[in-house]
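Have a look at the structure below, then the notes.
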Amino acid sequence: MNPSSDTTRPSDVERLARRRAGAKMGWYIHAFVYVLVNVGLVTISAANGRSWAMYPLMGWGLGLLIHGAVVWFIAPGGGFYDRLVERERRALGAGDRG
């Protein structure tokens, strides 16, 4: 095993943990702003007797959904990513590494 490719060093683990925590915090902030702004848009839309607020709600909601999928499932260190890496290790006959 090559020591330079070992991702279990404390500095690498700390860096990955901080990056993942930052990405998740970014998603939480994105979700909070989404809810806050869209509550205001729905209120304005309802006060005017129109239903236009659903369009930004759906468009931005799709963006939030994609952002969440990247942060929670696809990004390195995420559960889905880790399962894919482990599957590839087993397929390559290197299941004892990492």
Side-chain angles (χ1 to χ4, degrees):
M1 179 172 358
N2 185 353
S4 64
S5 67
D6 186 10
T7 59
T8 60
R9 293 185 305 217
S11 61
D12 291 340
V13 171
E14 179 69 18
R15 187 172 326 146
L16 180 59
R18 287 184 179 278
R19 191 168 82 193
R20 286 176 57 189
K24 289 176 182 178
M25 181 59 84
W27 186 85
Y28 285 127
I29 292 168
H30 187 179
F32 177 74
V33 171
Y34 169 81
V35 169
L36 193 67
V37 168
N38 281 294
V39 164
L41 292 177
V42 168
T43 302
I44 292 169
S45 176
N48 291 330
R50 303 189 196 285
S51 60
W52 55 263
M54 68 179 187
Y55 299 110
L57 195 110
M58 290 188 310
W60 193 354
L62 179 62
L64 184 63
L65 181 69
I66 292 168
H67 184 183
V70 169
V71 167
W72 297 100
F73 301 112
I74 299 172
F80 181 69
Y81 179 82
D82 286 342
R83 287 191 303 270
L84 287 176
V85 169
E86 187 56 37
R87 184 184 309 160
E88 291 303 318
R89 281 186 181 138
R90 283 194 308 271
L92 294 170
D96 60 334
R97 289 173 34 191

What heavy-atom pair brings [X] and [Y] nearest, and what distance separates the two atoms?
X     : Y     : value
Trp52 : Ser45 : N-OG, 3.4 Å
Tyr34 : Leu57 : OH-O, 3.0 Å
Leu41 : Ala53 : O-CB, 3.6 Å

Only one of Val37, Leu36, Val35 passes side-chain contact (heavy atoms from CB on, under 4.5 Å) with Val39, and that residue is Val35
For residues [X] and [Y]: do they belong to one hydrophobic cluster (side chain heavy atoms under 4.5 Å, members Ile, Leu, Val, Met, Phe, Trp, Tyr)?
X     : Y     : value
Ile74 : Val71 : yes
Ile44 : Val33 : yes
Leu64 : Tyr28 : yes

Atom pair CZ (Arg90) and CD (Glu88), whose distance is rounded to the nearest 0.5 Å
9.5 Å
Whether the side chain of Trp72 engages the backbone of Lys24 through a donor-acceptor N/O pair (distance < 3.5 Å, no angle test) should be reported.
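No; judged by distance alone, with no hydrogens or angles, the pair does not exist.
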